[in-house]
Number of protein chains: 2
Amino acid sequence: MIKCLKCNRVEAILKAGFLRGQQRYYCKDCSFHFTLGGTLKPSPTSRKSRPTTIKDIARALGVANSTVSRALHDHPDVNEDTKKAIIQMAQQMDYQPNQVAYDLVKSQSRIIGMLVPEFNHVFFPTVIIGAQEILTKAGYRMIIMQSNESYADEISNTATLLASRIDGLIVSMTKETNHYEHFKAFEKREIPMVFFNRYAEEIMAQRIVIDDYQGAVAAVEHLIGQGYRRIAHMAGPRNLTLSQERLRGYIDALSRNGLPVLNELILHTDLSDETAKIYAQHFLDMAEPPDAIFAINDPSAIQIILAARAKGIRVPAELGVVGYSNDPRSAYIEPGLTTVAQPTKEIGRLAAKKILALLANEASGPTDQFVKLDTELIVRASSLRAQAPR
Amino acid sequence: MIKCLKCNRVEAILKAGFLRGQQRYYCKDCSFHFTLGGTLKPSPTSRKSRPTTIKDIARALGVANSTVSRALHDHPDVNEDTKKAIIQMAQQMDYQPNQVAYDLVKSQSRIIGMLVPEFNHVFFPTVIIGAQEILTKAGYRMIIMQSNESYADEISNTATLLASRIDGLIVSMTKETNHYEHFKAFEKREIPMVFFNRYAEEIMAQRIVIDDYQGAVAAVEHLIGQGYRRIAHMAGPRNLTLSQERLRGYIDALSRNGLPVLNELILHTDLSDETAKIYAQHFLDMAEPPDAIFAINDPSAIQIILAARAKGIRVPAELGVVGYSNDPRSAYIEPGLTTVAQPTKEIGRLAAKKILALLANEASGPTDQFVKLDTELIVRASSLRAQAPR
DNA sequence: TTGTAAGCGTTATCAC
DNA sequence: GTGATAACGCTTACAA
């Protein structure tokens, strides 16, 4: 004698398969599917105790789901006593809100995606620290992905991030990236984006960059001030704006000080240590070698110092070296490496703040705005000549 | 009078189409695209075009949701033609599956949580690289959180991770952590956990550790082999197993070689550079100072070298130094630092594989299993005495 | 103050 | 082969 749970009739009930191991019924009268919960054995062996839900609490207390939801969110108009009872029961039943369900109904995720080219150097982890500092404080989680400097990985990562319905994206592109369709998808969905360090002009987004031009000028003028005259530049990949900017700074600093810009003294690396090493040797083997080298970053500069050391060329007496990015190693190598320090953690903080601001007032809309952060020249032994500067 | 946002010039500005309803400009001078954000009307109709769903596709094609779902998942019994039409329409409508909804119905997230104490040194980022390598390949995403070595942060992070319904947790505890209730919550929900490096005996989980004992023995026996006799140990926090194990290795190596273990030669740091510096000075100022120091990690060892340098004590002639963890700086400091290298990336890879294995056959259940990875002693100048070893 | 029920975007079961 | 529809866990009008 099965009674319909809705209309209480017994006629017009038919079996309708199984649901979670229970017989399921269908009432033709009121077109209602149901099962008889009671008989369910508490799954004799495998009791992977399903996490407590709002419903469980409601049932235990004989109130409605909505009341529980309200109480848990400290909604104003819910009776103090029921609220207290609910909160206590929640604790007792070890209730943990299901963020996934919450996200679905809110169609947001409170997740910010962070996509960086690599984790191998201190730079990106430090940016991440800065961003996390701000975002976790604001109740956001982060999904961090690395593209391994591969365009293909970047594409698949952005797809994942898109599917994860991230609320915002903080990204630094790979050095391979030349097409930007995968970022346009975020643009179209009005998911705020902040690019840092490496960015595409084609994409409408906030950009945070280091003033690479100014940093390069400062570095090269420092070398000139130390009396170096034949200054080479180990430049970065041509498609990266940061390479272009540092190159521009190098060129302008030379010109402004009446020094010639010589093509044979400019070499573009791919940022790998191997290439840096080869190019360093090339520079040092030249018939008329440079008396100083400004490198695109510290790892490259370190390779230059090592190459010089191997050849018995004294740094800074015979060769001045300046790097970029203030790698922790640069303080410990002999001689200490003069370098251009970037406000790394600040980039992360700022990017996070921008994202939060965009999220807060979507009204104002993402304009492509541009923030330039200043660098600081850290002078160490590698560029300090004994001779008096002039 | 439009000024370029980058170079501030007004000449050479030309219009370059529209972007999101805004006039876009292009500066020929510095090849820079931009728009003037201010004037953007809040998108008159405000059509934050809701992302395409399965339903939209179904409606557009006059089929049922379930058919679309099936087609998109390449289900066997769906007509080839409808499948083709659906897939094409999905593409056309720029459909992106909603991972959140998928997760809800599957009550899983395909997210692995990773909780580490800090990001400041290379160690943890490297472990993360290793884990990500395996996990993204297996279609899992990662949420990475840092506890900043703070117990309170660890608690709140685990709560977030729990609410995010992560499928598994890879964790290294803070050095403060003494209670483990927050991890028990995962145990109760049968969410697989892998602890690495720092772990609690109280928690039933997989553990991956470096064989710290063996690494310490190797380091100290190397010093003894080099003729050092009064060897101090700058140890780590007492509550960390890794500190205990390295201390045990230090003690055993001394005893085994007939050397006394002296309490005044053992100091426990909190792993900060400041404390390391103070303790280093303390050692060097002793009436009868040690002739070698084995440090808990490389940053501490570097502080020791710097303190010795400041005091004019020659390393390795007057003081042998050995560190632990093969920090990138250790190869570049003068003299190069002898250190115990850990298979860092391998830890991450292994942790990820363990999680995946646990996820695959939940049947076997989480046993507390123990994996010890071997270390490798990297000998550099800081411990190589001119005198013949004995 | 509380309950009812629709809805978020999927998958999966069953009926046809 | 395809279509209804319940279910996942939650929020939130709207009703009571």
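In what follows, every heavy atom counts, from backbone to side chain, and hydrogens, waters and symmetry copies are set aside. Below, read A as the first sequence line, B as the second, and so on, with proteins coming before strands; counting in each chain starts at 1.
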Q: Could you check whether B/Asp77 gets within reach of a base, just the sugar-phosphate, or nothing at all, counting any heavy atom under 4.0 Å?
A: base
Q) Any side-chain heavy atom of B/Phe196 within less than 4.5 Å of one from B/Val116? A) yes
Q.
Judged by each residue's nearest nucleotide on DNA chain C, which is more toward the 5′ side, A/Asn65 or A/Pro76?
A. A/Pro76
Q: Taking only the side-chain heavy atoms of B/Arg70 (C-beta and beyond), determine which of C/dC8, D/dG3, C/dT1 contains the nearest atom.
A: D/dG3
**Q.** Among D/dG3, C/dG9, D/dG9, the nucleotide that comes nearest once only the side chain of B/Ala64 is considered
**A.** D/dG3
Q: Please lay out, stage by stage, how A/Glu187 and A/Lys184 fare under the test side-chain contact (heavy atoms from CB on, under 4.5 Å).
A: CA-CA 5 Å; A/Glu187 197 174 283; A/Lys184 288 253 169 67; 4.1 Å; yes
Q: Round to the nearest Å and state the distance from A/Gln108 atom CD to D/dC10 atom P.
A: 15 Å
**Q.** Whole-Å distance separating the CD1 atom of B/Ile57 from the P atom of C/dT10
**A.** 8 Å
Q.
How many whole angstroms separate atom CG of B/Asp103 from atom P of C/dA12?
A. 13 Å
Q | Atom NE2 of B/His179 with >12 non-hydrogen neighbours under 6.0 angstrom | A | no
Q) So does B/Ser69 reach the base of C/dA12 with its side chain, donor to acceptor, closer than 3.5 Å? A) no
Q. So, A/Arg141 and B/Ser164: side-chain donor and acceptor under 3.5 Å apart, yes or no?
A. yes
Q: To the nearest Å, give me how far apart NZ (B/Lys55) and P (C/dG7) are.
A: 8 Å
Q) Relative to the 5' end of DNA chain D, which residue comes earlier, A/Leu104 or B/His75, by the nucleotide with the nearest heavy atom? A) B/His75
Q: Please state how far atom CZ in B/Arg59 lies from atom P in D/dA4, giving the value in whole angstrom units.
A: 13 Å
Q) What is the distance, rounded to the nearest whole Å, between atom CG of A/Asp74 and atom P of C/dT1? A) 13 Å
Q) Between C/dT11, D/dT11, C/dT1, which nucleotide gets closest to the side-chain atoms of B/Tyr102? A) C/dT11
Q) Under 3.5 Å, is there an N or O donor on one side and an acceptor on the other linking the side chain of A/Arg165 and the base of C/dG9? A) no
Q. Separation of B/His73 atom NE2 from D/dG1 atom C1', in whole Å?
A. 17 Å
Q) If you check every side-chain atom of B/Thr67, which of D/dG3, C/dT1, D/dG1 has the closest atom? A) D/dG3
Q.
Starting the side chain at C-beta, find the nucleotide from D/dA7, D/dT2, D/dT11 nearest to B/Val105.
A. D/dA7
Q. Between A/Val63 and B/Gln96, who's closer to the 5' end of DNA chain C by nearest nucleotide?
A. A/Val63
Q: Ignoring hydrogens and angles, tell me if any N or O in the side chain of B/Asn79 forms a donor-acceptor pair with the backbone of B/Asp81 under 3.5 Å.
A: yes
**Q.** Distance in angstrom units between A/Lys106 NZ and D/dC10 P, rounded
**A.** 14 Å
Q) Quick one: does A/Ser66 reach the base of C/dT4 with a side-chain donor-acceptor pair under 3.5 Å? A) yes
(Q) Quick check on B/Glu202: does its CD atom have over 12 non-hydrogen neighbours (other residues, nucleotides or ligands) under 6.0 Å away? (A) yes
Q) Reckon A/Thr82 has a side-chain N or O less than 4.0 Å from the OP1 or OP2 of C/dT2? A) yes
